[in-house]
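Written out below as structure tokens is the structure these notes cover.
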Amino acid sequence: MLKSFVHSLLKSAWQDFDHNRSSEVIEIEVSRADRPEFGDFTSNIALTSAAIKGMSPRELAQQIINRLPHEGIKRLEIAGPGFINFFLSDEVFQRALRGIILAGERFSQSSHGNGERVQIEFVSSNPTGPLTIGHGRQAVLGDVLASLYSAIGYQVSREYYFNDEGEQVNMLTRSLWARYRQVWGEEEPLPEQGYHGEYLVKIAQNLKERLHKPLPHFDTAAAQLFKEEALSQMIACIKDDLDLLGVQFDNWFSEATLHKSGEVKRALEMLDEKGGIYEADGAIWLAAEKYGGTKDMVLIRSDGRPTYLMVDIAYHINKWNRKFNYVINIQGADHHAQQLNMKAAMRILGYPEDFLTYGLHQFVTVKEQDGVKKMSTRAGRFIELRTMIEDLGKDVVRYFMVARKPESHLELDYALAKQQTMDNPVYYIQYSYTRCASIFRNAGKFIPQRWEEVDLSLITQPVELDIICLLDRFPEVVKEAALTFAPHLVAEYALTLAGKFHRYYTDFRILTADQTLTQGRLALLWGVQSVLRQTLQLLGISAPEEM
RNA sequence: GCGCCCGUAGCUCAGCUGGAUAGAGCAGCGGUUUCCUAAACCGCAGGCCAGAGGUUCGAAUCCUCUCGGGCGUACCA
């Protein structure tokens, strides 16, 4: 990579200058210049170490420059208060492009993760209704994060944890039963806290056709039957919704299995052995506050039933036992306190601090004529994810969901997104890919046997070198996006690259009369298209050959 | 009250491990097509980076406080 190339030059110059190591070790920093007149790369080393060396920054910069090797460098400058600006030679860029072409689809990948196992748990919505736009954001964030982690060399598993036990499920079951009675024409009110959505009516109707019996009594057998039916139908519905979004899970984990296997009980015993629990007011409590939690939390209610946190702790022990090196949970901002308490439990159990991390995201609000509306399932103010995908298409939805940084609120102008789809950045990015494809279709005799062997000596335009510089940055972007839970960086990057390419395409002809020039430019486009394809792949957005 | 997140162009948002003149898209105005797809390109206009202090050679970025918005603070999940 270009950056590490410059870094190595600077390092050798610094070591030469500081050969007696009289001063403390300083970190050598190289960054990409953000203005063309500042060169390709810039370093503030003279600014940060001037005080240590007792020299003025500009004088120090000159000393370093005197010791810099000349190979690969077009020009060096001292600028402003003492920045060292590097202007690289064309050959260095051409070499970088060759490397990008050679790497092909592997260019975004690195071995940072060393094949360590990462589990990413996301969505994990209760199977009590269809997914909403809010779940959609989490689904896309989790899915893209998973792709990013696997790109940087981790072995990734996507997991969905579903609640198939407890009060919510009972409520769902009774709601379905009420709907079932209703489709038989009986006056059966829905439970007050029940699920009022239309979707249960459909399930009830299907059930009627299968059973052919009115089932007047909600007995144990009926409860079991309706529970199984409700759960399996709801999970199928959720899977369908996720499928439309292009999100697929490696594992669906049932909460009920944790109870059946005795893992919940065992988890409590483990916490007890570590001295992390105590009894009070007839309940069993987790001493969370002492370990960084927000406050002590009830694990076992006074009636003997475990709380959600208790079961969740058992679930995380289960994850640990499955030998994941790291687990990441993607959750909405409303779970913040829960996360701190879960972390406290992990500390009590003695798990490494970095075993569990949370990726937090803010909610989606929808803007309509009468102002901003917050999604609320209970108040019936929500838009189903499925509706949105049908309206806007998978690619647009995925882009919208991932284009903002997770910790920002995502305000969606639904009407605008719906009617102005052609002004959408997604199409802008996709079109840049399509343009490349189109040129290759027209290139005919210019298509070389091997792209990596093309003569690049005529690729010297500033725009061209600038594009190579941007391509070169891609692996860094992928890595940063993964490690800092910032998938939006990839979306941002794709947009920038598409913009640079569109401008280049407008200003320069690719297919010319000159064989060498044409092949060189085609090679550049080959690199551009390859990186565009990789960004789209990471985002889960399609890369169309024609539009 | 306490904890976390956010406050940058008219709108939606990047930039925040401090760096040299704060960016993009949309909306507005004005241009570009005998030529590889105009789903594109160019130009104009638009900002006391919520506010006040502090640290620093240097702050949108770090620290403190204030104001404004969201979320949490259950023997709910």
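It should be emphasised that the depicted structure is a prediction, and the values quoted were computed from it without experimental measurement. Letters go in sequence order (proteins before strands), and every chain restarts at 1.
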Item to complete: Starting from the 5' end of RNA chain B, give me the residue, A:Y427 or A:R305, whose nearest nucleotide shows up first.
Response: A:Y427
Worksheet item: Base, sugar-phosphate alone, or nothing: which one does A:A283 contact when heavy atoms must sit under 4.0 Å apart?
Response: base
Fill in: Selected nucleotide, minimal atom distance to A:T506 side chain, candidates B:C41, B:A24, B:C71
B:C41
Worksheet item: More than 12 foreign heavy atoms under 6.0 Å from CZ of A:R473: is that the case here?
Response: no
Discussion item. Centre-to-centre under 6.0 Å for A:F253 and A:Y315, is that the case here?
Written reply: yes
Discussion item. Pair A:E263, A:K265 - check salt bridge (Lys or Arg N to Asp or Glu O under 4.0 Å), show working.
Written reply: CA-CA 5 Å; A:E263 287 173 86; A:K265 259 179 80 181; over 6 Å; no
Worksheet item: Quick one: what's the B/S/- string for nucleotides 14-21 of chain B, heavy-atom cutoff under 4.0 Å, read 5' to 3'?
Response: SSB--BBB
Discussion item. Please classify the nucleic acid contact of A:Q430 as base, sugar-phosphate, or nothing, using heavy-atom distances under 4.0 Å.
Written reply: nothing
Worksheet entry | Whole-angstrom distance between B:G25 and B:U17, as gauged at atom C1' | 27 Å
Fill in: B:C48 and B:A59, which share atom name C1', separated by this distance in whole Å
15 Å
Fill in: Protein-nucleotide distance (A:E411, atom CD; B:G69, atom P), rounded to Å
16 Å
Practice prompt. Could you measure between the two C1' atoms, the one in B:G70 and the one in B:A27, and give it in whole Å?
Written response: 26 Å
Practice prompt. Starting from C1' on B:C76, measure out to CE on A:M297 and report it in whole angstrom.
Written response: 10 Å
Discussion item. Centre-to-centre under 6.0 Å for A:H336 and A:Y358, is that the case here?
Written reply: no
Worksheet item: What is the distance from NE2 of A:H409 to C1' of B:C6, rounded to the nearest Å?
Response: 6 Å
Discussion item. For the C1' atoms, the ones on B:C16 and on B:G72, what distance do you get once it is rounded to whole angstrom?
Written reply: 25 Å
Worksheet entry | Whole-Å C1' distance, B:G31 and B:C71 | 48 Å
Item to complete: Would you sketch RNA chain B in dot-bracket for me? Only Watson-Crick or G-U wobble pairs with both distances under 3.5 Å count, crossing pairs as [ ], other-strand pairs as |, the rest as dots.
Response: (((((((..((((.....[...)))).(((((.......))))).....(((((..]....))))))))))))....
Practice prompt. Measure the acute angle between the ring planes of A:Y504 and A:F508, then classify it against the limits of 30° and 60° as parallel, tilted or perpendicular.
Written response: tilted
Fill in: Interatomic distance where CZ belongs to A:R503 and C1' belongs to B:A39 [whole Å]
16 Å
Fill in: Partners meeting side-chain hydrogen bond (donor to acceptor under 3.5 Å, both in side chains) with A:Y195 (sequence neighbours left out)
A:Q168
Worksheet item: Of the options A:D466, A:L2, A:L532, A:V528, which is the one that meets A:L471 in a side chain to side chain contact (heavy atoms under 4.5 Å, CB included)?
Response: A:V528
Discussion item. My understanding is that only one of A:V311, A:N126, A:D312 makes a side chain to side chain contact (heavy atoms under 4.5 Å, CB included) with A:E255; could you say which?
Written reply: A:V311
Item to complete: Assess the pair A:F41 and A:F87: is the distance between their ring centroids shorter than 6.0 Å?
Response: no
Item to complete: Check the distance between B:C57's C1' and A:E59's CD and give it to me in whole angstrom.
Response: 16 Å
